[in-house]
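Computed from a predicted model, the values in this text were never measured in an experiment. Atoms within each ligand, like the ligands themselves, are counted from 1 in listed order. Quick note: numbers below take in every heavy atom, side chains included, and nothing from hydrogens, waters or symmetry partners.
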Amino acid sequence: MSTARLPKDFLWGYATASYQIEGAPQEDGRGVSIWDTFCRIPGKIADGTSGDVACDSYHRYKEDVALLKQLGAKAYRFSISWSRVIPLGGRKDPINEPGLKYYVNLVDELVANGIVPMITLFHWDLPQALYDRYGGFLNKEEYVPDYVNFARVMFGALGSKVKYWITYNEPWCSTILGYSIGQFAPGHTNDRTKSAVGNSAVEPWLAGHNILVSHGAAVKVYREEFKQKDGGQIGITLNGDWVEPWDPNDPEDVEACERKLEFSIAWYADPIYKGDYPASMRKQLGDRLPTFTESERKEVQGSNDFYGMNHYCANYIKHKSTPAEPEDFAGNLELLLQDKNGTWIGPETQSPWLRPNAPGFRKLIKWISDRYGKPIIYVTENGTSLKGENDMTKDEILQDDFRAGYFRDYINALAEAVTTDGVDCRGYMAWSLMDNFEWAEGYETRFGVTFLAPLYIECSQSGSKEEKDMAFKEIPVLDLSEARSDTTKPAFLARLRDALLNVGFLYIKNTGISQELFDEVCREGIGFFDLPEEEKLRIEMKNQPSFLGYSRLGNEITAQKADWREQLDLSTPHALPKPTDPLYYNLLAPNQWPNISYLPDFQPAFEKYMLQMSDVSLFFTSLIAEAIGLPSTAFNGFFDDDQQHKLKIVKYPDAGTGVGQGVGPHKDSMLTSYLLQATDHRGLQAQNTRGEWIDCPPIRGTLVVAIGQGLEALTGGVCASTTHRVLSPHAGTGARFSIPFFQGVSYDAKFESMDVPENVRRLRAQVLEGEGGRRDDVEFTFVKGKWGHLGEATLMNRVKSHPDVAERWYPGLLGQLRQKDQSNETKRSQQGQETQVSGDAATGSGLAGEPNFKAYQVVGAH
Ligand SMILES: O=C(O)CCC(=O)C(=O)O
Ligand SMILES: [Fe+2]
């Protein structure tokens with residue numbers, strides 16, 4: 001038996017990482033991380049799972065702590081989900097107090113149970129917003145201060161209780177697996193079969209450099225602002241496996257071994273302990289490997305209070321005789337599991353890369369200790385998976401001899417290193433406290449010392465988890481005032497982009513329109529419906545060819561049913577067209593106003609409101625352009641100087657007075673619409689990709705923005721247009737009123753899809769993939785070539801929507817439509833299909849800034 005001993009106060013414990021255990025990706029305001037996104041891309045995770053549920057530690061952290069206690073742990077190493085604490089990640093972005101509180105609670109629970117917390121600030125789950133905003137690691141100027149800010153927030157919140165801080169976990173993995181091979185988020189690689197983006201020859205080295213610089217900067221902050229009062233230590237955790245030459249008699253293999261350690265470990269550790277990258281790396285990579293500025297070097301060198309060592313296994317190394325490929329990241333050598341004689345480096349496990357070799361641990365920790373002047377070392381991860389464990393019975397799994405043997409051998413090796421080799425190792429965290437989400441290997445690979453009943457399976461059996469969590473559950477509220485200040489605008493744009501890509505429906509507050517004006521148009525609008533019937537009929541829509549005016553109750557049809565609402569259509573002021581103008585100019589005309597003797601303030605209030613809303617809508621579309629990476633002026637070409645915008649004042653009588661729907665399911669047509677809900681009724685709902693209807697209750701002072709099909713078409717599908725409907729108010733609750741404003745588009749415009757930047761397109765594609773493709777693809781009326789001008793399309797759709805107007809003013813167009821409809825009808829009945837169309841957008845024949853584009857089908861059926 002070995003006489004090797006570890007010190008009495010040795011810090012024994014277990015390690016985990018936020019994304020691997022927490023679950024609750026959308027709870028309490030957590031922002032999206034690059035791993036949330038990556039897991040949604042089909043094929044990236046072996047079993048198609050994600051960390052959405054994982055060990056449910058967000059809810060069950062107390063059980064985790066109880067487990068640690070039961071296991072006799074002295075310490076617990078866990079990591080912080082950056083986007084839980086700062087959902088958008090950046091230094092100017094808000095802190096999410098409930099997210100921060102989770103970690104405060106966890107630390108309190110640990111401390112109360114006598115367990116020492118060890119925090120990893122970053123364990124791979126970068127906030128998606130930072131990746132979207134500026135490319136994450138690749139942008140030193142932005143990334144470093146954002147990381148430092150995050151670190152400072154955590155030091156400030158927890159520094160009095162936490163004495164062990166780790167800036168980064170395994171930056172080699174974040175950079176090589178994330179930016180060279182593309183196996184980890186964000187999946188960058190040269191391999192275009194795996195990713196549309198990436199430059200494996202350059203990006204990993206740049207990302208690594210910026211990580212080092214940010215590590216140094218965060219350590220500086222800790223030392224200057226916290227260390228003295230908090231008395232803690234800070235360091236970085238680097239991974240590395242031991243290496244043995246494939247042919248011990250070949251000096252080139254022996255030399256390649258050293259190079260391998262330098263490319264994987266010294267890449268990060270040399271700058272920290274020696275002030276620069278290893279010569280072998282500089283030699284191979286040239287100036288693809290960045291250089292430290294003097295001030296960077298000063299901050300990075302000497303920045304470790306301790307060395308965090310993650311270690312799992314060993315490899316055989318065979319040198320290559322050919323020049324290094326530009327993508328090479330290992331030092332121009334082969335990594336093998338068998339040596340020259342076919343001897344395996346260790347027994348097989350579930351992880352293809354992991355074959356245990358305990359003596360290698362002792363050799364490697366000594367190599368680190370010697371190279372870096374005997375630093376204090378904490379082993380921050382060590383552990384193994386087990387071949388086929390996931391297919392075993394629970395009893396077989398619990399009889400965990402293989403893993404127990406691994407730990408015994410490895411800890412003995414460590415004890416030898418400490419006792420015999422003079423290594424100053426003061427702690428050991430086993431990986432892992434419990435089975436968890438093993439990154440690209442999903443849940444098939446188990447590393448836990450505790451068996452985890454597979455929660456995620458329960459979840460996927462009860463429905464598709466992927467869909468459940470991607471589909472929006474609530475409608476975001478954006479503060480438009482944030483878009484007016486340079487400091488808050490970037491965060492606003494990030495949130496807007498998120499809403500555009502994922503939801504297509506949002507509230508805006510602080511719109512710039514005064515509450516008095518909102519109140520006034522609501523009051524005047526509601527008053528309109530009390531006018532005598534003959535006064536309303538005097539200004540009926542069918543009086544004129546412009547489709548402006550009053551529509552009676554039940555006159556409109558959406559999704560083949562009458563909408564139980566009456567309404568007045570108004571527009572911004574326009575003169576009548578000239579006889580030589582194209583027919584679609586008929587849509588431009590003066591309003592039909594109710595008589596001034598009934599409602600003296602009505603016209604001025606609505607004219608003022610439409611004028612102000614024109615500005616709001618143009619401002620908002622400029623923000624949309626910016627949010628998806630276009631110039632703010634990108635949509636300007638689609639607006640006339642005196643652009644016509646439309647507005648409706650709508651009354652939905654309560655269900656006691658009639659039948660059916662307020663407005664059937666539909667998508668709006670143009671670019672954006674802005675709904676002012678004038679009474680307190682619920683009833684407006686938006687549909688998510690799972691078909692669930694999500695309430696959009698009235699919120700005082702806000703407008704609900706619906707993205708139209710026009711915007712979806714213009715942006716090549718990047719901006720989602722969302723189906724919505726209005727339920728009739730419950731019997732006895734009185735009428736609901738609302739005032740939607742529809743931003744217009746130039747009738748002379750010809751629609752073509754714009755060039756939305758590739759990265760934004762890709763994000764949208766990821767959303768769609770995550771949702772299992774699109775349920776309701778819109779057959780865009782806007783598609784190139786279908787219509788000469790948008791005006792022709794719009795007019796045709798108005799004809800469809802309002803057959804009573806069309807009969808009087810556009811009998812020719814109506815005839816064409818009816819004929820077309822008849823022939824569709826015949827085709828359908830010949831094919832034995834039902835005439836019923838399901839879901840409004842399935843046909844997408846609509847263009848009106850109004851929901852009744854289904855009227856066309858119904859007219860045909862009559
Ligand atoms: O009444 C509402 O709140 C929504 C109306 C609507 O969706 C529409 O008219 O397009
Ligand atoms: Fe609508």
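Side-chain contact, Y550 with D569: no donor N or O sits under 3.5 Å from an acceptor N or O. Counted by atom type alone, Y584 and D748 present one or more donor-acceptor pairs between their side chains at under 3.5 Å. Judged by distance alone, the side chains of H574 and T572 do bring a donor and an acceptor atom under 3.5 Å apart. Between Q643 and S746, the side chains place no donor N or O within less than 3.5 Å of an acceptor N or O (distance only, hydrogens not considered).
Numbered from 1 in the order shown, with element, the atoms of ligand 1 that lie under 4.0 Å from a heavy atom of F742 read 8 (C), 9 (O), 10 (O). Close contacts of ligand 1 with L675, meaning ligand atoms under 4.0 Å from a residue heavy atom, involve 3 (O), 4 (C). Residue R565 has at least one heavy-atom neighbour below 4.0 Å for each of these atoms of ligand 1: 5 (C), 9 (O). Close contacts of ligand 1 with S738, meaning ligand atoms under 4.0 Å from a residue heavy atom, involve 1 (O), 2 (C), 3 (O). Residue H724 has at least one heavy-atom neighbour below 4.0 Å for each of these atoms of ligand 1: 7 (O).
Between the side chain of H681 and the backbone N or O of P729 there is no donor-acceptor pair closer than 3.5 Å. Judged by distance alone, the side chain of H802 and the main-chain N or O of K800 form no donor-acceptor pair under 3.5 Å. Using a distance-only test at 3.5 Å, with no hydrogens or angles considered, no donor-acceptor pair links the side chain of N510 to the main chain of D479.
Taking the Fe ion (ligand 2) as reference, D668 places its N/O/S atom OD1 nearest. The minimum distance between the Fe ion (ligand 2) and any N, O or S atom of H724 involves atom NE2. Looking only at N/O/S atoms, H666 comes nearest to the Fe ion (ligand 2) through NE2.
For the pair V663 and ligand 1, no heavy-atom separation below 4.0 Å is found. Using a 4.0 angstrom heavy-atom cutoff, V650 does not count as in contact with ligand 1.
Contacts with ligand 1 closer than 4.0 Å are made by side-chain heavy atoms of D668 only, the backbone lying farther away.
Salt-bridge annotation for K608 and E520: absent, with no side-chain N of the basic residue lying under 4.0 Å from a carboxylate O of the acidic one.
Here atom 3 (O) of ligand 1 lies nearest to R736 when heavy atoms of K648, R736, K651 are compared.
Taking the six-membered ring where tryptophan is involved, the planes of W593 and F602 are perpendicular, since the angle between them exceeds 60° and thus also 30°.
Residue Y652 has at least one N or O atom closer than 3.5 Å to an N or O atom of ligand 1.
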